[in-house]
Amino acid sequence: MEYISTRGRAAPVSFSEVLLGRLAGDGGLWMPARWPRIGDMGGKSYEEAAVHLLASFVGDCCGIDDLGADVRAAYAPFDVPQIAPLVELERGLYLLELFHGPTLAFKDIAMQLLARLAARELERRNARATILVATSGDTGSAAISAFGGLPRIQIVVLHPRGRISDVQRRQMTTAPHANVHNVALEGTFDDAQALVKSLFSDRDFADAMSLVAVNSINLVRILAQSVYYFTALAKLGGPARFVVPTGNFGDIFAGEAAQRMGAPISGLVAATNANDNLVRALRDGAYAVRGTQATLSPSMDIQIASNFERALYEASGRDSIWLATAMEHFATERTLAIPRLVREALTSRYLARTISDAETLATIGDAFRRWGRLLDPHTAVGVSAALGLVSTTGAATIVVATAHPAKFPETVTHATAVVPPLPARLRHSYVGRERMTVLPPDIGRLRSLVEARTSPHER
Ligand SMILES: *Cc1c(COP(=O)(O)O)cnc(C)c1O
């Protein structure tokens with residue numbers, strides 16, 4: 001399989017380049033040259049399903065035995081054998097629980113695997129790398145958990161200071177590994193993301209530091225996430241609509257990817273908090289950025305949903321000439337007009353719903369009373385959207401549960417008067433000394449920090 005850029009002006013690359021986070025020189029995102037057809041996953045374990053799906057993508061990067069070993073190692077730290085269990089809430093309504101990994105959010109599912117594949121590839125190349133990532137909370141802890149302590153790798157994580165939960169912060173800052181460096185940035189997630197993007201787009205610097213991107217624009221994460229759409233449907237034994245709490249549009253695009261690979265998905269619903277420019281884009285045909293608002297679901301406090309570019313690419317019939325022009329306009333003007341045909345293609349696949357903080361709290365309370373279940377605020381955004389949908393087809397609805405309630409105890413306790421317990425195996429974690437550097441949103445300061453932290457062996 002070759003990988004091509006959404007903007008059409010970069011030479012195609014192999015899987016290992018995509019894996020190690022090489023950015024397309026034309027500013028676009030990598031996509032597989034075509035979507036393979038993946039058969040039914042019925043009867044396969046989660047690990048077998050992952051190997052079966054990813055085997056179509058990894059090319060000559062690793063053999064099937066190595067892939068199998070990495071998949072098994074990635075999912076060994078999960079606390080349930082199903083990895084992503086499907087739980088019935090009431091007739092026709094299900095939760096797909098993706099929070100059974102080491103940091104209690106769905107990002108572990110892709111990151112644990114990405115880390116193993118990347119470490120294997122660095123070993124093969126006898127190379128080193130520095131991972132640089134901006135986080136709205138969960139990506140950073142998933143990356144630190146996956147890459148902390150791995151040889152050949154340094155990891156620098158920026159989070160927006162004071163805008164993530166205490167559990168999220170402690171999961172990152174108490175990591176004991178010498179290769180982990182946390183930056184508390186004085187700004188929003190979008191500020192942090194913009195700084196990271198500009199260091200990556202300085203090609204000389206990115207090459208000298210061997211920078212690797214592991215945020216959700218890394219296609220390997222999306223491919224790894226498309227596995228659970230297949231396994232959930234196999235478990236259900238029929239088609240379903242998925243409701244996905246959405247920030248950067250990565251998780252829900254993994255649903256589109258699964259659909260394009262043949263999964264019987266009857267619809268995809270993006271559930272957002274007040275940062276709802278996706279909802280307005282589908283409704284009005286204009287994708288426009290406003291200021292980011294802080295909400296009870298901080299991992300979705302994102303205005304620029306990087307992976308929306310992938311959906312636009314597919315919806316335009318892979319028209320990279322239009323997309324390149326539109327994205328360049330968006331970069332300077334902060335607004336993008338979606339042509340009618342592209343919008344129709346998007347709305348035939350996606351619905352989008354905005355859920356307020358008040359609705360999120362009410363849903364957490366209702367879910368506890370109705371089903372005796374504690375929902376984290378991100379999952380509650382999804383459940384709230386699902387309860388507001390009318391089913392025309394009678395198909396089941398699966399809400400993607402993206403985080404464990406214990407990750408956001410303040411909000412859950414506020415809504416239910418119950419303190420969500422940390423899973424037993426994590427009860428003694430996150431209590432060590434916190435290590436982080438506070439930085440203003442200044443590119444020069446960040447550049448120096450990355451230079452200082454990048455392993456001296458590599459320069
Ligand atoms: C990252 C995250 C999301 C949003 O996922 P995207 O792929 O960015 O759309 C939702 N919920 C939680 C808990 C997250 O960590």
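One is the number of the first residue; the rest follow in order along the sequence. Order of listing sets the numbers, starting from 1, for every ligand and every atom in it.
The OG1 atom of Thr188 sits 9.5 Å away from the CD atom of Gln303 when rounded to the nearest 0.5 Å.
Every residue meeting the salt bridge (Lys or Arg N to Asp or Glu O under 4.0 Å) condition with Glu256, not counting sequence neighbours, appears here in chain and number order: Arg260, Arg349. Residues that satisfy the salt bridge (Lys or Arg N to Asp or Glu O under 4.0 Å) test with Arg34, not counting sequence neighbours, are absent from this structure.
Between the side chain of Asn215 and the backbone N or O of Thr135 there is no donor-acceptor pair closer than 3.5 Å.
For ligand 1, the protein residues placed under 4.0 Å by at least one non-hydrogen atom are Phe106, Lys107, Asp138, Pro245, Thr246, Gly247, Asn248, Phe249, Gly250, Asp251, Ser299, Met300, His378, Thr402, Ala403.
The stretch residues 249-271 participates, sequence neighbours left out, in these ring pair (Phe, Tyr, Trp, His ring centres under 6.0 Å) pairs: Phe249-Phe308, Phe249-Tyr350.
Residue Leu98 forms a side-chain contact (heavy atoms from CB on, under 4.5 Å) with just one option from Asp108, Ile109, Thr379, Leu104, and that option is Ile109.
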